[in-house]
> 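Take a look at the following structure, please.
Below, each value reflects all heavy atoms present in this structure, side chains not excepted, and no hydrogens, waters or symmetry copies. Since the structure is predicted, the reported quantities are computational estimates derived from the model, not experimental observations.
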Amino acid sequence: MKKWLMPVLQTAFVALLVVSFYATSWFGEHYVLRAEPFDPFDPFYGEYVMLQYPDLEAPAGISDGAIYFTLTEGEDGYAVIGRIEENPFFGAINGSKYDRRIIAPQLENFYVEQGRGPELEETVDLEVTIDVAPWGSIRPVSIAPRKE
């Protein structure tokens with residue numbers, strides 16, 4: 001095997017990861033979610049804000065467990081559930097439902113700059129801007145206090 005093959009493959013793999021991260025924003029839809037913070041610090045990863053989303057509630061017919069959903073912009077400009085099913089479909093965001101709340105692993109934690117966590121925890125009303133790719137990948141973009 002050639003000496004140069006492994007470094008080229010490793011470099012291509014890292015480039016593919018970086019491109020896939022940014023592709024979510026290039027090809028995805030832009031949504032703003034209402035959020036509420038809780039728990040601002042992790043000793044291993046630094047400051048982050050755990051979030052819950054009051055607008056992401058499942059309808060009555062969906063049972064607890066794995067769910068798949070899409071977002072759409074509501075009348076007030078904040079994202080709401082567009083389509084929700086218990087079976088996977090293309091473009092769906094993977095999540096789970098527990099007691100009417102929808103939990104998506106990509107949306108739960110938002111890592112922030114050192115020193116900003118306590119400020120955001122004290123703010124009761126936040127808005128989180130995310131990009132959602134057509135294939136269901138999520139990229140958090142920003143977090144800020146909500147102005148209403």
> Does NZ or CZ of R83 lie under 6.0 Å from the centre of the six-membered ring of F69, at an angle within 45° of the ring axis?
no
> Look up atom CZ in R34 and atom CG in L126, then write down how far apart they are to the nearest 0.5 Å.
12.5 Å
> Using distance alone, with no hydrogens and no angle criterion, decide if Y31 and E73 have a side-chain donor and acceptor under 3.5 Å apart.
no
> What verdict does the side chain to side chain contact (heavy atoms under 4.5 Å, CB included) test give for R101 and L56, after you've listed the backbone C-alpha separation in whole Å, the side-chain angles of each residue and the deciding distance to 0.1 Å?
CA-CA 7 Å; R101 288 274 181 200; L56 299 184; over 6 Å; no
> Give a yes or no answer on whether the side chain of S20 reaches the backbone of L16 with a donor-acceptor pair at less than 3.5 Å.
yes
> Could you check whether R139 and S25, counting side-chain N and O atoms only, form a donor-acceptor pair closer than 3.5 Å?
yes
> Are side-chain heavy atoms of D131 and I138 found at a separation under 4.5 Å?
no
> Closest approach of G91 and T70, non-hydrogen atoms and distance?
O-CG2, 3.9 Å
> Are side-chain heavy atoms of Y53 and L107 found at a separation under 4.5 Å?
yes
> For residues F21 and L17, determine if any side-chain heavy atom of one lies less than 4.5 Å from a side-chain heavy atom of the other.
no
> Report yes or no: does K97 contribute a side-chain atom to a donor-acceptor pair with the main-chain N or O of I67 at less than 3.5 Å?
no
> According to a 4.5 Å side-chain heavy-atom criterion applied to Ile, Leu, Val, Met, Phe, Trp and Tyr, with indirect links allowed, do Y68 and F90 form part of one hydrophobic cluster?
no
> Taking C-beta and beyond as the side chain, do V132 and T24 meet within less than 4.5 Å on heavy atoms?
no
> At what distance, to the nearest 0.5 angstrom, does CD of E108 lie from CD1 of I103?
6.0 Å
> When you measure from the side chain of E86 to the backbone of A66, do you find a donor-acceptor pair of N or O atoms at a distance under 3.5 Å?
no
> Mind checking whether T72 and V80 have side chains closer than 4.5 Å, heavy atoms only?
yes
> Does some side-chain heavy atom of I84 sit less than 4.5 Å from a side-chain heavy atom of P59?
yes
> Is there a donor-acceptor contact under 3.5 Å from the side chain of R146 to the main chain of V128?
no
> Given the rule in the side chain to side chain contact (heavy atoms under 4.5 Å, CB included) test, do L71 and I130 qualify, once you have shown the distances and angles that lead to the verdict?
CA-CA 11 Å; L71 297 173; I130 62 171; 3.8 Å; yes
> Looking at every non-hydrogen atom in both residues, tell me the closest pair between D55 and A79 and how far apart they are.
CB-O, 3.9 Å
> Is there a path of hydrophobic side-chain contacts, each under 4.5 Å between heavy atoms of I/L/V/M/F/W/Y residues, joining V18 to F27?
yes
> Does Y22, at its OH atom, have more than 12 non-hydrogen atoms belonging to other residues, nucleotides or ligands within less than 6.0 Å?
no
> Do T129 and I143 have side chains that get closer than 4.5 Å, going by heavy atoms?
no
> Taking all heavy atoms of P134 and all of G28, pick out the closest pair and write down the distance.
CD-CA, 4.0 Å
> To the closest 0.5 Å, what do you measure between CG (N94) and CD (Q106)?
6.5 Å
> Should W135 and W26 be regarded as members of a common hydrophobic cluster, given that ILVMFWY residues are connected when their side-chain heavy atoms come within less than 4.5 Å of each other, either directly or indirectly?
yes
> Where is the tightest heavy-atom contact between P105 and G95, given as atom of each residue plus distance?
CD-CA, 4.4 Å
